Amino acid sequence: MDQYAVFGNPVKHSRSPWIHAQFAAQTGAELEYGAREVELAQFEQQVLAFFANGGAGLNITVPFKERAHDLAQVLSDVARVAGAVNTLYQDARGQLVGDNTDGIGMLRDILQNGGVLRQRRLLVVGAGGAVRGVLPNLLAEQPAELLILNRTADRASALADRFRDLGSVRGGGYDLLTNASAAPAFDWIINGTSVGLSGGLPPLPTNVVSPATWGYDMVYGPGQTAFQQWCINNGAERALDGLGMLVEQAAEAFYLWRGVRPETAPVIAALRHALAAVD
Ligand code: ATR
């Protein structure tokens with residue numbers, strides 16, 4: 001039976017084993033997908049041992065995505081540009097291939113919800129690993145403008161520099177908004193910070209929201225996240241959470257490994273239902 005797993009630390013709350021079990025059932029695939037909490041010092045060794053023992057594919061989560069990028073022998077374009085890998089497998093020659101499906105997962109979720117990024121003004125909040133992983137796909141949609149804001153301004157400007165060749169991208173601290181002369185409202189506000197995990201909000205002024213704004217929170221919870229509520233309360237047209245992205249990035253990894261694209265809509269609905277039941 002083909003063996004897959006997600007490696008991370010911590011990893012015990014990962015939904016990936018459940019999601020991949022749904023995909024396997026749906027496509028009639030015989031596979032096992034586990035979650036392994038890997039000690040920080042052991043990551044490279046455990047990845048290599050997993051594939052040496054016949055493992056078919058890995059997902060990589062926090063805090064190992066950059067190390068997975070460094071370990072891979074072959075990188076997809078997106079993984080190379082992002083500097084982070086969330087999916088590993090071996091090619092026909094036995095080389096370790098690293099890809100990153102986070103950005104395509106987010107994009108699919110946005111498109112399936114009827115969202116449009118092309119020629120739109122995007123505000124991305126946060127400049128950590130989560131944001132870095134999705135920027136190549138966001139910029140490939142050719143937004144009119146992409147502004148990255150972060151508490152630590154240097155991280156945002158460094159990220160903007162890294163992606164400058166891919167489009168109109170700027171980065172800095174939250175004060176960039178106060179100093180900006182252009183229209184304050186954005187078509188999209190994407191929250192890639194971790195403040196929501198402790199119930200907080202990124203420190204944005206409310207005038208970045210207009211009735212045409214769509215919010216996107218890269219995290220999710222049983223109900224609406226604090227950031228989704230903030231968007232809606234300030235008049236945004238819609239606000240999505242990261243649950244669809246989670247399922248879509250998993251589906252894309254499943255496709256890379258097995259050449260079969262599972263249906264995501266029923267899995268998103270089932271996960272939404274399961275989360276609400278726990279609430
Ligand atoms: P991840 O891999 O999940 O992106 P990360 O690299 O630690 O994790 O990034 C977390 C992001 O949330 C960063 O943009 C961080 O801002 P800093 O770069 O200034 O640390 C942001 N963040 C975390 N807590 C925050 C807070 N209380 N207020 C504002 N931003 C916060």
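Indexing begins at 1, ligand by ligand and atom by atom, following the structure's order. Source: prediction; values computed, not measured.
Residue R151 has at least one nitrogen or oxygen atom sitting less than 3.5 Å from a nitrogen or oxygen atom of ligand 1, judged on distance alone. Residue-to-ligand polar distances keep P203 apart from ligand 1: every N/O pair is separated by 3.5 Å or more. The shortest N or O to N or O distance between G126 and ligand 1 is not below 3.5 Å. Ligand 1 has a nitrogen or oxygen under 3.5 angstrom from a nitrogen or oxygen of A130.
Aromatic pair F50/F7: ring centres closer than 6.0 Å.
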TODO: Evaluate the salt bridge (charged side-chain N to carboxylate O under 4.0 Å, His left out) criterion for residues D70 and K65: first the C-alpha distance (whole Å), next the side-chain angles of each, then the deciding distance (0.1 Å), finally the verdict.
DONE: CA-CA 9 Å; D70 295 346; K65 290 182 185 180; over 6 Å; no
Open item on the list: Applying ring-ring contact (aromatic ring centres under 6.0 Å, His included) to F254 and Y4, what does each step give before you reach the verdict?
Closed with: CA-CA 10 Å; F254 192 92; Y4 299 90; 7.4 Å; no
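Other residues, nucleotides and ligands contribute over 12 non-hydrogen atoms within 6.0 Å of the CZ atom of R118.
Looking only at heavy atoms of the protein, atom 19 (O) of ligand 1 is closest to T152 OG1, 2.5 Å.
Residue contact check for ligand 1: V195 places a non-hydrogen atom closer than 4.0 Å to it. Ligand 1 lies nowhere less than 4.0 angstrom from a heavy atom belonging to G200. Heavy-atom distances between S194 and ligand 1 reach below 4.0 Å in at least one pair.
Residue N150 approaches ligand 1 through these ligand atoms, each under 4.0 Å from one of its heavy atoms: 13 (C), 14 (O), 15 (C), 16 (O), 17 (P), 18 (O), 19 (O).
Nearest-heavy-atom check against atom 21 (C) of ligand 1 across L197, T193, V219, T61 picks out T193. When A84, P63, A127, G128 are ranked by how near their heavy atoms come to atom 9 (O) of ligand 1, first place goes to G128.
Checking E252, E248, Q249 one by one against R108, the side chain to side chain donor-acceptor pair (under 3.5 Å) holds for a single residue, E252.
Both tests hold for R121 against F186: distance to the six-membered ring centre under 6.0 Å, angle to the ring axis within 45°. Geometrically, R120 does not engage W188 in a cation-pi contact, judged by NZ or CZ lying under 6.0 Å from the ring centre and within 45° of the ring axis.
Closer than 4.0 Å to atom 7 (O) of ligand 1 lies none of the heavy atoms of the protein.
Taking the six-membered ring where tryptophan is involved, the planes of F227 and W230 are essentially parallel, since the angle between them stays under 30° and well short of 60°.
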